[in-house]
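Take a look at the structure set out below.
Within every chain, numbering begins at 1; the chains are lettered A, B, ... in the order of the sequence lines, protein sequences first and strands thereafter.
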2 protein chains.
Amino acid sequence: MARSTLYEQLASELRQAIYSGELGPGAQLPTESDLMYTHKVSRNTVRLALRELETEGLVSRAPRRGTIVRDRRPLRMRPQDELAGLAPGAPRREAFLTAVEGEGRRLSQQIEVHIVVPPEEVASRLRLNEGDSAMVRRRLRLVDGQPYNTADSYFPLDIVRDSAIAHPPDIMQGANRVLEALGHPQKRFVDDIWARMPTPEESQRLQLEPGTPVVVFVRTGYDPHDVPVRVAVSVLPADKHTIRYELER
Amino acid sequence: MARSTLYEQLASELRQAIYSGELGPGAQLPTESDLMYTHKVSRNTVRLALRELETEGLVSRAPRRGTIVRDRRPLRMRPQDELAGLAPGAPRREAFLTAVEGEGRRLSQQIEVHIVVPPEEVASRLRLNEGDSAMVRRRLRLVDGQPYNTADSYFPLDIVRDSAIAHPPDIMQGANRVLEALGHPQKRFVDDIWARMPTPEESQRLQLEPGTPVVVFVRTGYDPHDVPVRVAVSVLPADKHTIRYELER
């Protein structure tokens with residue numbers, strides 16, 4: 001194994017202190033001068049080490065505040081919860097809502113409705129022809145007033161055009177119930193999960209710190225005739241979310 | 001909305017060309033000089049734009065080769081496949097193996113077996129006391145000879161100490177069958193999924209390009225008495241993997 005440089009050694013020590021919990025969420029790291037003194041290294045070495053930890057999403061740095069260990073305790077989403085909510089008479093359930101409420105936190109959202117030509121990954125899942133439009137409900141979801149994630153649900157235009165889905169206010173009973181009333185209950189979900197770095201627009205909208213990837217969660221809902229009737233694309237900042245599935249034999 | 005700078009405009013144009021497929025995987029971007037000429041911008045502006053695309057994982061840059069659009073077509077993992085493989089008499093199935101073989105690609109792996117004090121996220125899932133050891137089988141998996149992902153399976157020491165799990169060679173029938181023979185068949189899985197930036201060690205081991213996050217996939221297997229008997233931690237470079245679950249009502 002290659003010998004590590006001075007700044008890698010320093011980064012490694014600080015990383016261990018963070019992972020072990022010695023430096024917990026919100027803890028302030030020693031100042032640059034302190035680290036220079038205690039580790040007998042140059043200011044440049046200290047800065048390289050701190051920048052590395054920032055890139056890994058372990059700390060955030062702000063003028064005057066110094067370097068702070070980030071709170072990495074994320075919200076746990078359970079995509080299977082929504083399935084239970086589809087049963088006749090069951091209350092509306094949505095993985096994110098359930099998770100937020102379970103922690104006693106306050107959820108709010110900003111909703112916009114548009115008719116758009118969806119991105120390729122959505123168009124192919126809705127089996128649209130090239131250039132076909134779809135209805136999209138774009139939601140920015142905030143927890144305790146802070147932007148938390150985005151959830152954009154796309155629907156075939158001919159199915160939802162005259163329904164509550166075409167109007168901006170929150171749909172009290174949930175879009176799934178509306179689809180049901182329109183004769184298209186969802187019987188099957190296909191969930192695709194991947195991660196990537198955010199686009200500049202996402203960084204700005206979600207107020208992401210540098211070095212924070214996003215998890216993309218795409219759920220496609222099929223009706224009993226196996227027609228895709230909804231594609232929901234969630235963009236989940238990776239430092240704030242985990243996803244859990246439970247499988248039984 | 002804030003007006004974007006020159007380099008953001010250029011990055012945005014190139015990004016659209018990549019997402020639309022106009023510049024497909026493996027395509028070469030115009031040279032810096034060409035971009036300066038066609039967009040009437042400075043070399044610095046071109047470099048800032050290209051660096052942004054690199055950070056987003058859309059292109060890779062190499063001396064002399066120029067800037068290449070990365071192949072973002074990832075391998076699709078189906079974690080539910082392993083469940084089918086647990087049935088009596090069923091052939092061994094593993095999400096990753098199945099996915100690789102389905103594409104006609106060649107899988108190889110490097111296996112090491114160690115007794116270690118596992119990281120906190122594993123120890124708590126195995127319900128170990130602080131400082132307790134576990135057996136770990138560390139695997140680096142290669143596809144067509146290239147490092148692809150890592151999969152480390154942790155087992156309670158007292159259960160697997162004298163079994164095939166304690167020895168480095170690949171276990172032909174799979175570790176799940178060995179656990180079964182030891183009286184601990186897995187009846188239930190809990191899967192946790194999140195993403196983060198790689199550690200420097202992971203970047204090196206998996207030969208990651210700059211700006212590539214990793215997806216962490218942790219599967220905990222429980223025996224019929226709800227005792228956790230295996231915690232498998234996979235580190236999946238985000239540009240090479242997607243995860244798919246299918247749910248039925």
Could you give me the CA-CA distance, side-chain angles and deciding distance for A:M197 and B:M197, then say whether side chain to side chain contact (heavy atoms under 4.5 Å, CB included) is met? CA-CA 9 Å; A:M197 294 311 284; B:M197 295 311 284; 3.6 Å; yes
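- If you measure heavy-atom distances from B:V190 to chain A, the contacts under 4.5 Å come from both the backbone and the side chain.
- The distance from the CG atom of A:L83 to the CD atom of B:E248 is 9.0 Å, given to the nearest 0.5 Å.
- Listed options A:R219, A:Q186, A:E120, A:H241 were ranked by heavy-atom pairs under 4.5 angstrom with chain B; first place goes to A:Q186.
- Within the 4.5 angstrom heavy-atom criterion, no atom of A:E121 approaches chain B.
- Between the CZ atom of B:R76 and the CH2 atom of A:W194 there is a distance of 9.5 Å, given to the nearest 0.5 Å.
- For the set B:I243, B:T242, B:V214, the count of heavy-atom pairs under 4.5 angstrom toward chain A peaks at B:I243.
- One distance of note links CD1 of B:I193 with CG of A:L236; it measures 11.0 Å at 0.5 Å rounding.
- Heavy atoms from other residues, nucleotides or ligands lying under 6.0 Å from CD of A:E246 number more than 12.
- A distance of 9.5 Å separates CD of A:E52 from OG1 of B:T199, quoted to the nearest 0.5 Å.
- Rounding to the nearest 0.5 angstrom, the gap separating the CG atom in A:L247 from the CG atom in B:L247 is 9.0 Å.
- Comparing B:A238, B:P213, B:P237 by how many heavy-atom pairs each has under 4.5 Å with chain A, the most go to B:P213.
- Note that the CD atom of B:E8 and the CD atom of A:E201 stand 8.5 Å from one another [nearest 0.5 Å].
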